[in-house]
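Each ligand, and each atom within it, is numbered from 1 in the order the structure gives. Note that the structure is predicted; figures quoted are calculated from it, not measured. In this chain, residues are counted from 1 in sequence order.
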Amino acid sequence: MSNAIKSKKVVFFFPAFSSQEATAPLGILAVATPLLRAGYQVRIIDSTITPNFQKAVLEELRDALCLAVSLVTGPMIRETAQIARAAKALYPDLPVVLGGWHPSLLPDQTLAAECVDVVVSGQGEFAFLEVVQRLEDRASLAGIDGVGYKQDGRLVFNKPRELQPISELPPKAYHLADFNAYERTCGRRWSMYISSLACPYDCGYCTNKGVYGRKWNAIEPGQFVEETTDLATRYRLQLLWVVDDNFLVDRERALGIAEGLVRKEAKFDWSIQASTNLVDRFTVEELKLSNAPG
Ligand code: B12
């Protein structure tokens, strides 16, 4: 049985998200760093780039500490359920942990599923490290903020976790990403990058407030320019998609980033998303800055 020997291996599964695009899941790269720093081994199986992914996951789980899945609400639930059920059938004692936006927004519904043992709501970097350490020690998950678990068949939810500002978070483990495989799959070599968390607004179509509570915070332009140019060069990326929910919240910061990239003669494309009320605060000339030829 899987847990007879003490394992240090954490297996992540990233289900397909029904898109033509393919790149490494940033949420998993984020929670991987504290694990690696604490001496755990990390395997990522992304269904989009892995033929026969179920077999691959089940093989990796043979000597693993737990299975961890990242998902948003929607089609990703299908493969999550498929893999979690297959894992439970083969290794009934192996804990299955779900994190990401879906379990963050609907923790009780997610944890109620028979094949799920633990849910992590909100930021996962340190919550998941604590979960893994407790699983390794076969200790209770009581008291880990942001975590829900099962005890004697009951669903137990610890108190929510305080939001940690992005400037205090460790760097993402980009080196775990197989950019060659993603490029082969979608024809483009690109990555995601994040430079701010939360959003001051509460638009009806967006779920951000439910998880981040309108506490917008961001890194400075200098750090953005350094990190993105380094990533693009190191992994030969054509494009960085800045996945901040609302990149333009701080006008001066946004202009500082655009100017910094122009000054650095950055050779990659970058894209942002922002609410239209904020786009409206920029002149056409200012907006052109972010579209300067590299
Ligand atoms: C990139 C992205 C996509 C990409 C996905 C590409 C990819 N490879 O992941 C694409 C374009 C496909 C996409 C599509 C959609 N998306 Co989208 N997308 C995002 C976006 C902009 C960034 C995600 C990201 O990487 N964030 C950065 C990382 C670092 O944060 P994170 O993923 O949240 O991870 C943290 C925690 O969640 C947690 N965590 C994450 N995974 C795990 C795993 C474990 C085990 C643990 C413990 C913790 C953990 O820890 C991480 C670090 O703190 C988010 C908004 C956002 N700002 O996050 C929306 C968002 C995730 N998308 C959303 C939506 C609604 C959609 C669509 C439904 C849109 C549509 N109408 O078609 C589709 C559905 C996708 C599908 N078909 O399944 C919503 C999700 C709401 C929900 N209920 O789940 C979000 C939150 C936007 C919003 N603000 O409302 N999306």
Practice item. Could you please spell out the steps behind the side chain to side chain contact (heavy atoms under 4.5 Å, CB included) verdict for Asp137 and Lys6? Key: CA-CA 9 Å; Asp137 295 341; Lys6 251 197 170 195; 3.8 Å; yes

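Looking only at distances, a side-chain donor or acceptor of Asp244 sits under 3.5 Å from a matching main-chain atom of Ser196.
Hydrophobic cluster of Tyr182: the remaining members, joined at side-chain heavy-atom separations below 4.5 Å, are Ile49, listed by chain and number.
The ring pair (Phe, Tyr, Trp, His ring centres under 6.0 Å) check on Phe179 picks up Tyr235, with sequence neighbours excluded. Legend: residues meeting ring pair (Phe, Tyr, Trp, His ring centres under 6.0 Å) with Tyr193, ordered by chain and number and at least two apart, are Phe224.
Under a cutoff of 6.0 Å and an axis angle of 45°, Arg43 and Phe13 do not form a cation-pi pair.
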Pairs under 3.5 angstrom, nitrogen or oxygen on both sides, ligand 1 versus protein: list them out, please.
{"unit_1": "ligand 1", "atom_1": "33 (O)", "unit_2": "Trp101", "atom_2": "NE1", "d": "2.9"}
{"unit_1": "ligand 1", "atom_1": "39 (N)", "unit_2": "Gly100", "atom_2": "N", "d": "3.4"}
{"unit_1": "ligand 1", "atom_1": "41 (N)", "unit_2": "Ser70", "atom_2": "OG", "d": "2.8"}
{"unit_1": "ligand 1", "atom_1": "50 (O)", "unit_2": "Gly124", "atom_2": "N", "d": "3.0"}
{"unit_1": "ligand 1", "atom_1": "53 (O)", "unit_2": "Gly124", "atom_2": "N", "d": "3.1"}
{"unit_1": "ligand 1", "atom_1": "53 (O)", "unit_2": "Glu125", "atom_2": "OE1", "d": "2.7"}
{"unit_1": "ligand 1", "atom_1": "53 (O)", "unit_2": "Glu125", "atom_2": "OE2", "d": "3.4"}
{"unit_1": "ligand 1", "atom_1": "57 (N)", "unit_2": "Val243", "atom_2": "O", "d": "3.1"}
{"unit_1": "ligand 1", "atom_1": "57 (N)", "unit_2": "Asp245", "atom_2": "OD2", "d": "3.2"}
{"unit_1": "ligand 1", "atom_1": "58 (O)", "unit_2": "Trp101", "atom_2": "NE1", "d": "3.2"}
{"unit_1": "ligand 1", "atom_1": "77 (N)", "unit_2": "Phe17", "atom_2": "O", "d": "2.6"}
{"unit_1": "ligand 1", "atom_1": "83 (N)", "unit_2": "Thr73", "atom_2": "OG1", "d": "2.7"}
{"unit_1": "ligand 1", "atom_1": "84 (O)", "unit_2": "Thr73", "atom_2": "N", "d": "2.9"}
{"unit_1": "ligand 1", "atom_1": "84 (O)", "unit_2": "Thr73", "atom_2": "OG1", "d": "3.1"}
{"unit_1": "ligand 1", "atom_1": "89 (N)", "unit_2": "Asp245", "atom_2": "OD1", "d": "3.3"}
{"unit_1": "ligand 1", "atom_1": "89 (N)", "unit_2": "Asp245", "atom_2": "OD2", "d": "3.2"}
{"unit_1": "ligand 1", "atom_1": "90 (O)", "unit_2": "Thr207", "atom_2": "N", "d": "3.0"}
{"unit_1": "ligand 1", "atom_1": "90 (O)", "unit_2": "Thr207", "atom_2": "OG1", "d": "2.8"}

